[in-house]
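Remember, it's a predicted structure, so these values are computed and weren't measured experimentally. Indexing begins at 1, ligand by ligand and atom by atom, following the structure's order.
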Amino acid sequence: MTDTPAALPRYEDAVKRFRIEDEIARLHGDPATGINAYVECCGRYTGANRLALRAISAGGELREYSFDDLADMSGRVGTLLKSLGVGPGDVVAGMLPRIPELVALILGTWRIGAVYQPLFTAFGPKAVEHRLSYSKAKLVVTNPTNRGKLDEVENHPRIATILAPGETLPEGDTDFRAALATASPDREPVMRKGSDLFMMMSTSGTTGHPKGVPVPLSALTAFGAYMRDAIGLRPDDVFWNIADPGWAYGLYYAITGPLLLGIATTFYEGAFNAKSTYDIIERLGVTSLAGSPTAYRLLMAEGPEAAARVKGKLRVVSSAGEPLNPEVIRWFDAHLAAPIHDHYGQTENGMMVNNHHGLKHLVRAGSAGFAMPGYRMVVLDEAGNELGPNQPGVLAVDIANSPLRWFSGYHQAETPAIAGGYYRTGDTVEYEPDGSVSFIGRADDVITSSGYRIGPFDVESALIEHPAVNEAAVVGVPDPQRTEIVKAFVVLAPAFQGSEALAEELAQHVKKRLSAHSYPREVEFVSELPKTPSGKIQRFLLRKAEVEKRKAE
Ligand SMILES: CC(C)(COP(=O)(O)OP(=O)(O)OC[C@H]1O[C@@H](n2cnc3c(N)ncnc32)[C@H](O)[C@@H]1OP(=O)(O)O)[C@@H](O)C(=O)NCCC(=O)NCCSC(=O)CC(=O)O
């Protein structure tokens, strides 16, 4: 290790606060007894009629569930999974909206020592097929809205479907609700090691399809630390993280994190809009809100009158997924009287750089924040040397000196981001002498849109499936609402002519086949794409030209 740069004066402090071994020992008495995520997030809070979940249906009906209710439901899920042949280490996938059964499914999966894989409900068959093929999931649990997509997935595993009254069960499926009604709620948790997996996530990179991110049980320590130190969650908070649990921020910190601390979480089944968000904040008296800047910009766009009715209600607001604009910080202060703090993380390792609501000395307005205690974050040059303040480089985790770090490589795929004792995030940053970090951008072609991380290769692959498309290059272009939007440059097959109708058809094709959130909102037809002499598409040239074009407008 080179000298600790001045940027990280709080690093020793961090190591003292969080040693994974100490934390696991604290939670379990003796690490040799093992760990079970259901016990951590539910089992140990039963018997006190303690609130665990407020679930608001799409129609606005509020139902509350205690940890005891979730223990009962997840026990039944565990029994059902066992009867379907699922055992410790097997993967169970869930493609469900934010309904109480989703929490029961996740906890029940963990209870029997199995691994939960989220499938975002906006995914089309192509995105689902890829994820199920590498995870080798033994079962998918879904609902009728999403069930049809699985028919287009080759070699899909067994399916359990959650039916509403009056809906018919597709042939061969297990009726999830009916099976739970008769299953025993008594299910002894299967204890595992800290290095065993309990989630299988996925994330997009520049090249190839999304890769699996295996999450070991030891990550619970990091998830709890984020909730306590960065979100600053308190027992008296009414907490709502609006992120979808189909992705890391939602699964880690809308479900796992609050339940781990024994604090209730909130689900709203309906689609996001500013009005319903204000309604729910007012109705439940939400005091701690988490979500992405796009969601916050949409709240701003609703105007000060809409904000006025919840002004002063929010104690703290946390923002993740994209850099937070200073304008949002000012607006939240003026119209909601709420401190909104920027937090940074990735599916790999979770949140790592934050303005900590719970640690006031680790806040610097306008910056991305400080390394979370438990992580030693550094900035590296291309050769892998640690840089000092005010020098741009790649943000990285010093593996040996970050006790909360848990990511150790992609599922059955190379992980060039881990090398020389560091994990490189792929984000370009620099830091101030006080250790606060400022973001400059991505060091690769990954697109950040509405807080989602979108891999251009996936979108290009979906476009090329369309008969009109010969070649495609996909880049992120700046957008005031969504940070970036996906733009596709398309070279058409000879028999086709570019038109608005064809652009729309291509967008819809990607939306249906790949995912509703990653379709190109702009399509430009071009005669050729810029390439290197070896034939590699130079996306950065397209992006640069777009940025310049937009500046000139
Ligand atoms: C800010 C938002 C609430 C705004 O929601 P919107 O609905 O306006 O827009 P969107 O971008 O989600 O959706 C784009 C399009 O997909 C559609 N769509 C969205 N969800 C859908 C679903 N479940 N089923 C079918 N369609 C769906 C929308 O209607 C919309 O269509 P149309 O365009 O036709 O209107 C949302 O984008 C959001 O929650 N973003 C945060 C994402 C997030 O959690 N990021 C953290 C991940 S960070 C993380 O986990 C780390 C990592 O990434 O590695």
Side-chain angles (χ1 to χ4, degrees), residues 58 94-99 102 118-125 127-128 142-143 145-146 148-149 199 201-205 210-213 215 223 226 240-257 268-277 280 289-302 318-324 328 342-353 407 410 417 425-427 442 446-455 479 481-486 504 507-508 510-522:
M95 191 167 192
L96 291 172
R98 282 162 271 202
I99 55 174
L102 174 62
L119 296 173
F120 183 36
T121 50
F123 283 158
V128 172
T142 190
N143 65 349
T145 314
N146 292 290
K149 298 172 192 170
M199 294 178 190
M201 308 302 291
S202 70
T203 195
S204 301
K211 291 185 278 279
V213 176
V215 185
F223 296 167
Y226 172 72
W240 183 23
N241 177 349
I242 55 184
D244 193 290
W247 294 107
Y249 197 67
L251 182 54
Y252 298 172
Y253 309 115
I255 297 181
T256 315
Y268 172 53
E269 191 189 346
F272 176 87
N273 66 56
K275 183 178 176 307
S276 64
T277 306
I280 292 168
L289 183 72
S292 69
T294 299
Y296 297 136
R297 287 191 289 263
L298 292 169
L299 290 184
M300 282 171 62
E302 198 74 358
S318 305
S319 172
E322 317 153 75
L324 185 65
V328 181
D342 199 1
H343 297 167
Y344 164 85
Q346 292 189 320
T347 304
E348 305 94 330
N349 285 316
M351 305 311 280
M352 293 170 279
V353 172
F407 176 64
Y410 297 109
T425 62
D427 290 303
R442 278 296 295 181
V446 171
I447 301 163
T448 300
S449 181
S450 300
Y452 299 112
R453 185 163 138 181
I454 297 171
D479 179 76
Q481 189 74 267
R482 296 177 182 271
T483 302
E484 289 185 309
I485 54 165
V486 176
E504 179 57 22
Q508 291 305 322
V510 176
K511 199 169 189 183
K512 195 157 168 286
R513 280 290 292 157
L514 182 65
S515 185
H517 72 290
S518 54
Y519 69 95
R521 287 175 191 266
E522 280 185 25

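When only non-hydrogen protein atoms are considered, atom 36 (C) of ligand 1 lies nearest to Tyr452 OH, 3.7 Å.
For Arg521, a nitrogen or oxygen atom sits less than 3.5 Å from a nitrogen or oxygen atom of ligand 1, counting backbone and side chain alike. The shortest N or O to N or O distance between Gln346 and ligand 1 is not under 3.5 Å. Below 3.5 Å of separation, one finds no N or O of Thr294 facing any N or O of ligand 1. Ligand 1 has a nitrogen or oxygen under 3.5 angstrom from a nitrogen or oxygen of Ala516. Looking at ligand 1, you'll find an N or O of Tyr249 within less than 3.5 Å of one of its N or O atoms. Taking only nitrogen or oxygen atoms, main chain and side chain alike, Ala243 does not reach within less than 3.5 Å of ligand 1.
Heavy-atom proximity to Phe272, at under 4.0 Å, picks out these atoms of ligand 1: 3 (C). Heavy-atom contacts of Arg482 reach the following atoms of ligand 1: 8 (O), 9 (O), 10 (P), 11 (O) (cutoff under 4.0 Å). Per-residue contacts place Ala295 under 4.0 angstrom from the following atoms of ligand 1 (heavy atoms of the residue considered): 1 (C).
If you look at Thr203 next to ligand 1, the close heavy atoms, those under 4.0 Å, all belong to the side chain.
Under a 4.0 angstrom heavy-atom cut-off, Tyr519 registers as being in contact with ligand 1. Proximity of Lys511 to ligand 1 is established by a heavy-atom distance of less than 4.0 Å.
Applying the salt bridge (Lys or Arg N to Asp or Glu O under 4.0 Å) test to Glu522 and every residue at least two apart in sequence or in another chain returns Lys487, Arg550.
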